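Encoded as structure tokens, the structure appears first; notes follow it.
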Amino acid sequence: METVSRLDSTPGGKRGPPAWDTETDSTREIKTHFRVCRFIMETGVKLGMRSVPVATACVLYHQFFQCVSVTVYEPYLVAMSCIYLAGKVEEQHLRTRDIINVCHRYFHSSSEPLACDGAFWDLRDSVVQCELLVLRQLNFHVSFQHPHKYLLHYLLSVKSLVNRHAWSRTPVAETTWALLRDCYHGTMCVRHAPQHIAIATLYLALLSYGVEVPVGEREWWQVLCEDVTKEHIDAIISDLLQLYDMEARCT
Amino acid sequence: MDDVLEEEGKALCPLRDVPSNGNHDDPLSYYQINDLIRAGVKDIDRYHEKITISLQPSSLAPNLMNLKLGVFSRDDLPLQYSRSVRVANDNTETYERVLEGTLGYSNPSNVEYLLGKIGVSDTQPPSLMRGLQSKHFLEEDFAKTIRKKQSASWALKCVRVGVDHFKSGRHVEAMNEYNKALEIDTNNVEALVARGALYANKGSLLKAITDFELALESCPTHRNAKKYLCQTLVERGGQLEEEEKLVTAEGLYRKALTLDNSFQDAKEALQKIELLIQKSLKLREEAAAKEVEKAKNVETSAEKIAKSKKKNRKHRRSSRGKKHQQRVSSRDNRSVADEEEEWYPAPPNTSASFLDQKSSVVRPFEGPERTEEYSQPRSKGRNHSYHSLSSVSTDAPDNSRFEDDPFDASPQRAEGSKGKGVCGEKTSDGDVNEREREGSRGQRKSQGQELQSGPQDVPSSLGKVKHRRMSSSSAGSEHSRKSDQYANDLPSQSHISTSRRSDSGKYGSTERGDKKGLNRGTRRSDGDYRSSTDTTRNGNGSSAEGNQKKELPTNLLDLFSQIAQFEKEKCVKPKSEFSFSKLLLSYVIKTIN
């Protein structure tokens, strides 16, 4: 596992402590997790991963570090193993060679690809060992319900309710999808129910673009999901907006 | 699927638009009140609020052609509609319950499918985070690109190791390394070029050409690939020339020239082959004219001979007998077997001393002969530079057409089947052929051409052998080579020849080597990988020689044993051939000693 710290040997040190030390450990941790999740999302795009496996990887990461301390385990290695594991769980199998290549280049930009030597095999071994560690830590519960499929169904249903022209004018679908993907930078994705997250992102998108949805006895979101309340939606939206704030602070 | 609207109203369907379901029935009797009907809308009159419908299939739009019009049941109503009706009537149904009840809900790839339906891309996913915008992602950071670069560099490493092996002569390991490199990175240019060079060196020219061409596809400016490809093409052209595939060879030379205009060998070879082709065409015309005349003369005698041959023929040489007949009928009949035979290398020069002397006499003729070959286009336009330096004899009478008219008489008898076996050649010496054939009739099995004249003629036949050799050398054609082969084969076949000389191939190769040295020395520019092309090619030739012909022991004793066998066969079918021949042999040896 020590070999992975070679990956992170940039002098600036993405994980280095800031100049002022008034930050608490927890804040620092949150920032670390944010950065690592950002790392997971970027790597996912470069590996051509679909949204759901990326979401699984982030959830695995969050759940792992809910139980253990970030000082004991190298978070980036755990992230790499989560990516590898998520690929297997969500049936989009990734090669360790590709994961290592992309991650190495993330830390050492514009470097030559790694040679097939001992260091490469060590890295690979690290990833595989850590994968087993993550599995054991999570008691092998690695299958999750994600908001994505709910969101898509809701989208289709609301699309049929809404005026066709209003729908085509506004990029509601892309926005909700972007909001949903960005949720995974923080732990809110594990704290809320998937249907609620889906409803909340859709609500936020429709609100942002000012799309009118016809109202009947109940709100559209009440119809789509029986147990969601306005409070839920509001809480989720505020968590999401905090993540966007954190981006400014962390990167 | 479109929406289902429930409207109240009436629609009119004219009678002519109701198809009949039976020949005699009233079409309307098919329908009853309260039937559910599917029909196509023909006309809408908004002003009068009238809808005209039709039950004819032609009223449907092309994309709906597969819908069945007419009566249909409630079950066939669109799924959404029936579901929505059910939900509307049932207060306890929730969206979620309905959703979970649908089949698509549990489809693992529903996200992909629905995302495509909605129109959002998952490979270039949208994000509202500043850092995750797609413009920040560089192509070279993506996994695919890195992997390609990495595979190329890993493959290159293997190729370097392979070239090391190659330079130290460890060809097998080198090939393994190249194949490994190509597994890591298919179509890696360096690996292909290196492997092509190895193939060319080994003699697998076609595989080498394939590899070079593949390499040039990916990298058309690769200097080495071009160079090697030129050389290999010219070499392959040379091979084809020998096989008489002049046109193909010419094509290859042209191709080599287009690749590299300055390649001297290719230019020369191209010029030569163009000349050859012209000559061969001319010769063919001349010969065709002659053939027509001769054919009539020789026919009857040929029939006779054929019959007698069939009587005495044994299986082994039956093919050669056929060739004889063929040659009589059509000069230009080039059977495949002929071509195969051409590949047989000249017999080895492992003869006894007196035969060696003959061959040494013969050789001086070969020089001028070779050039003469080029200048005298033969009917087949063969370019054989291979002389038969074999000890045993000689030529087909066909060769007499070239120079050895003075030798015609003597070689004839001995030539016999040999000459015939060699090639479907001119029947200008039709008479000679005739004699040969008669003589060879009894020879089918043993095929000792020298023995045609009978045992008492052995010494004279030896003399004739000398003559023949002279003539063969003078003719300097592949015929002689072949006939020599046959002659040499026969003695070997007659006794249990464990003395299969493996060096016959080598002999042939040295022959060819000489010849090639004359003609193609200039072509060998880059000896980099072409160390053993000659030997390999000759190896091929010798392997081709294979089955039919055995090795060619040419010593005196073999001749004698053959004589003995011939005698036996002539008189009676002996059961103990070998014992008799051994007796004779021992007698002869005693007399000699």
Side-chain angles (χ1 to χ4, degrees), chain A residues 38 41-52 54 90-91 94-95 97-99 101-102 104-106 109-110 112-116 146 148-157 159-160 171 173-179 181-182 185 195 223-227 240 243-244 247-248 250-251, chain B residues 1-3 80 87 92-100 102 104-134 136-158 184:
Chain A
R38 170 58 60 89
M41 312 274 294
E42 270 193 52
T43 310
V45 172
K46 291 174 190 168
L47 286 167
M49 279 172 87
R50 297 191 297 266
S51 296
V52 173
V54 171
E90 301 295 343
E91 298 298 333
L94 304 163
R95 318 288 301 276
R97 179 176 161 191
D98 289 327
I99 298 177
N101 282 343
V102 171
H104 177 80
R105 208 178 159 94
Y106 179 90
S109 66
S110 316
E112 285 304 309
L114 288 170
C116 186
H146 287 301
H148 300 73
K149 91 178 151 214
Y150 296 106
L151 177 60
L152 288 171
H153 283 96
Y154 298 158
L155 265 174
L156 285 172
S157 303
K159 179 179 170 184
S160 60
E174 279 103 355
T175 314
T176 51
W177 202 249
L179 287 169
R181 282 177 65 98
D182 295 337
H185 284 85
Q195 293 93 326
V223 174
L224 291 179
C225 181
E226 292 284 321
D227 57 351
L240 187 49
L243 283 176
Y244 287 107
E247 189 195 10
C250 285
T251 55
Chain B
M1 274 307 234
D2 294 332
D3 291 334
Q80 298 95 287
V87 169
T92 62
E93 279 286 3
T94 65
Y95 184 93
E96 187 133 347
R97 288 246 293 273
V98 173
L99 181 62
E100 280 164 15
T102 62
Y105 179 76
S106 33
N107 177 1
S109 52
N110 56 6
V111 172
E112 259 181 279
Y113 170 68
L114 289 175
L115 201 57
K117 225 172 148 190
I118 282 280
V120 178
S121 155
D122 221 0
T123 43
Q124 279 171 333
S127 173
L128 292 177
M129 291 280 189
R130 239 168 278 134
L132 284 176
Q133 299 302 312
S134 51
H136 295 308
F137 290 101
L138 299 171
E139 183 58 41
E140 56 257 21
D141 286 340
F142 279 60
K144 250 195 199 168
T145 321
I146 305 180
R147 175 179 268 260
K148 250 195 226 170
K149 259 177 85 177
Q150 198 181 46
S151 297
S153 87
W154 288 3
L156 213 58
K157 209 168 124 190
C158 278
I184 296 177

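Throughout, a chain's letter reflects where its sequence line sits, starting with A, and its residues are numbered from 1. The basis for the numbers below is simple: all heavy atoms, side chains too, and nothing from hydrogens, waters or symmetry mates. Since this is a predicted model, take the numbers as computed values, not measurements.
- The candidate from A:Glu90, A:Glu91, A:Met49, A:Arg95 with the greatest count of non-hydrogen atom pairs under 4.5 Å with chain B is A:Arg95.
- In terms of non-hydrogen atom pairs under 4.5 Å with chain A, the most contact-rich of B:Arg130, B:Met129, B:Lys149 is B:Met129.
- The shortest distance between side-chain heavy atoms of B:Pro125 and A:Val45 falls below 4.5 Å.
- In terms of heavy-atom pairs under 4.5 angstrom with chain B, the leader among A:Leu179, A:Leu243, A:Asn101 is A:Asn101.
- Of the atoms belonging to B:Ser151, heavy atoms from both backbone and side chain fall under 4.5 Å from chain A.
- Judged as a salt bridge (Lys or Arg N to Asp or Glu O under 4.0 Å), and not counting sequence neighbours, B:Glu96 has no contacts.
- Looking at A:Glu247 and A:Arg38, a side-chain N of the basic residue comes within less than 4.0 Å of a carboxylate O on the acidic one, giving a salt bridge.
- Each of B:Arg147, B:Glu112, B:His136 has some count of heavy-atom pairs under 4.5 Å with chain A, and the biggest count is that of B:Arg147.
- The cationic atom of A:Lys46 (NZ for Lys, CZ for Arg) does not lie both less than 6.0 Å from the six-membered ring centre of B:Phe137 and within 45° of the ring axis.
- Residue contact with chain A, scored on non-hydrogen atoms closer than 4.5 Å, is absent for B:Ser153.
- Minimum heavy-atom separation, A:Val223 to B:Tyr95: O-CB, 3.3 Å.
- A:Tyr244 has its side chain out of reach of A:His185: every pair of non-hydrogen atoms, C-beta onward, lies at least 4.5 Å apart.
- Most heavy-atom pairs under 4.5 Å with chain B, from the set A:Cys225, A:Gly48, A:Ser157: that is A:Ser157.
- The candidate with the highest count of non-hydrogen atom pairs below 4.5 Å against chain B, out of A:Lys159, A:Gln195, A:His148, A:His146, is A:Gln195.
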Please tabulate, for side-chain N and O atoms in residues 113-123 of chain B, each donor-acceptor pair with protein atoms closer than 3.5 Å (sequence neighbours left out).
{"residue": "B:Ser121", "atom": "OG", "partner": "B:Thr123", "partner atom": "N", "Å": "3.3"}
{"residue": "B:Ser121", "atom": "OG", "partner": "B:Thr123", "partner atom": "OG1", "Å": "3.3"}
{"residue": "B:Ser121", "atom": "OG", "partner": "B:Gln124", "partner atom": "N", "Å": "3.0"}
{"residue": "B:Asp122", "atom": "OD1", "partner": "A:Ser51", "partner atom": "N", "Å": "3.4"}
{"residue": "B:Asp122", "atom": "OD1", "partner": "A:Ser51", "partner atom": "OG", "Å": "2.4"}
{"residue": "B:Asp122", "atom": "OD2", "partner": "A:Ser51", "partner atom": "N", "Å": "3.1"}

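- Separation of atoms OG1 (A:Thr43) and CG (B:Asp141) is listed at 10.0 Å; rounding is to 0.5 Å.
- Looking at A:Arg50, the atoms closer than 4.5 Å to chain B (heavy atoms on both sides) sit in the backbone and in the side chain alike.
- Proximity to chain B is limited to the side chain of A:Tyr150, based on heavy atoms less than 4.5 angstrom apart.
- Top candidate by heavy-atom pairs under 4.5 Å with chain B, chosen from A:Ala248, A:Pro171, A:Ala115, A:Ser109, is A:Ala115.
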